[in-house]
Amino acid sequence: MIGTVERAHARIDRAALAHNVRRIAATAGSARVVAVVKADAYGHGAVACSRIAIDAGAGALAVHTIAEAEQLRMHGLTAPIIVMGPLSGGEWVRAGETAVEVVTWTPEGVYAAVESGVAGVHLELDSGMGRLGARAEEIPALSNAAVASGASVVGIMTHFATADDRDGDQAGFFGEQLVRFRAAATALAQTFPTARIHAANSAATFRDPRAVFDMVRCGIALYGCSPFHEDPADLGLVPVMTVMSYVAMVKTIRSRDSVGYGRTWRAQRGTRIGLVPVGYADGYARALGNNADALVDGRRVPVVGAVSMDQITVDLGPESTDGVGAPVVLLGGTGPQRITAEELALRRGTINYEVTCGISQRLPRVYVG
Ligand SMILES: *Cc1c(COP(=O)(O)O)cnc(C)c1O
């Protein structure tokens, strides 16, 4: 039989992404929405997602690397782009050529930014994340360098370490960072009155209106995933990615037969096994072996046996009538029968971000809606 479906793909729902942009904008009030499209838009395709986000009302884009910014410019995106990661050597020249805004936290960075002719500089303060950003005692030198160099300071920013933790051990730290940042940013804004103040990622945007300031930088929520690792529907977000494949083979096995590498699963009863031609090379993590469900023709069935590089196996059940060609959803779906990135993340012991970022380039992105 010649199959009617391709092996597998990641379907990207444009309408869902546009909906999520508007949902974030409604939450952020008058603040500008920056669509964070780093890491190929968390696996959703940076060029397409950037266009959709801008059309739906996002005012700017943010990426981590200069190469990511270059890709967007090459595909005709003219919106402001913020490169949030560090730049080194020749990357500064490329940043000038790409007309991006950059993030700096040192006097050297400010001078490099001015020399390279970038479109603007965001001064990043470390209010408690403990990664990029100037500590309180480093702010005066940073500010002086920005004044002395004549830098165009378009932003004053920070990043929260625990915005996603609303109720846990670290819940209070978010408030501490907010207080520290507000004080430092308000003082700096005296010197740079046209700079936009921004701090919030997706979690902070939905968690606390006081974190919104002039601009929000949202990634995970754009893609319809919950920044709080809960059901995204609780926040009115709609998942954007669906990973689809099909049953490529069905076989009947006997009780005690094993399936897959290492014989990690044995049938407790005679049953029908479906083979789905997707594996860890596609980003379906090996940790999901004997540890996840798939939707076969909308019906939830367990993934049994090890996840191979190119294949997984599901237990269709002894009574099943699913044949070769039955549609399989590994991530996504609608209604009660759906598999969220949050569910797969919980099974794997990771976060939803890693689930969508991990969907590999072997799965073509197919844009619908
Ligand atoms: C990735 C990133 C964001 C977006 O975070 P989400 O949790 O995906 O909304 C915002 N700000 C910075 C500095 C980032 O690196």
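Order of listing sets the numbers, starting from 1, for every ligand and every atom in it. Reckoned from all heavy atoms, side chains included, excluding hydrogens, waters and symmetry mates.
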H75 and R51: side-chain donor and acceptor closer than 3.5 Å?
->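 R51 and H75 do not have a side-chain donor-acceptor pair below 3.5 Å.
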Judged by modelled atom types alone, do T27 and R23 share a side-chain donor-acceptor pair under 3.5 Å?
->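 Note: T27 and R23 side chains meet the donor-acceptor criterion.
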Which side-chain hydrogen bond (donor to acceptor under 3.5 Å, both in side chains) pairs, counting each pair once, include a residue from residues 148-157, with sequence neighbours left out?
->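 Found none.
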Any pair with a residue in residues 186-210 that passes ring-ring contact (aromatic ring centres under 6.0 Å, His included), sequence neighbours left out, goes on the list, sorted by first then second residue, please.
->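 Of all non-adjacent pairs touching residues 186-210, those that pass ring-ring contact (aromatic ring centres under 6.0 Å, His included) are H122-H198.
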Applying a heavy-atom distance cut-off of 4.0 Å, which protein residues contact ligand 1?
->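 Contacts of ligand 1 under 4.0 Å: V36, K38, Y42, M84, H159, N201, S202, R217, C218, G219, I220, Y353.
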If you look only at distance, which donor and acceptor atoms sit under 3.5 Å apart when one is on a side chain in residues 354-369 and the other is two or more places apart or in another chain?
from: E354; atom 1: OE1; to: T350; atom 2: OG1; distance (Å): 2.3
from: T356; atom 1: OG1; to: Y42; atom 2: O; distance (Å): 2.8
from: S360; atom 1: OG; to: A281; atom 2: O; distance (Å): 2.7
from: S360; atom 1: OG; to: R362; atom 2: N; distance (Å): 3.2
from: Q361; atom 1: NE2; to: D40; atom 2: OD2; distance (Å): 3.2
from: R362; atom 1: NE; to: D282; atom 2: OD1; distance (Å): 2.9
from: R362; atom 1: NH1; to: D310; atom 2: OD1; distance (Å): 3.0
from: R362; atom 1: NH2; to: D282; atom 2: OD2; distance (Å): 3.0
from: R362; atom 1: NH2; to: D310; atom 2: OD1; distance (Å): 3.0
from: R365; atom 1: NE; to: G43; atom 2: O; distance (Å): 2.9
from: R365; atom 1: NH1; to: S360; atom 2: O; distance (Å): 2.7
from: R365; atom 1: NH1; to: L363; atom 2: O; distance (Å): 2.7
from: R365; atom 1: NH2; to: G43; atom 2: O; distance (Å): 2.9
from: R365; atom 1: NH2; to: I359; atom 2: O; distance (Å): 2.7
from: Y367; atom 1: OH; to: H44; atom 2: O; distance (Å): 2.7

Flag side-chain contact, heavy atom, 4.5 Å: I12 against L17 =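 Sidechains of L17 and I12: no contact.
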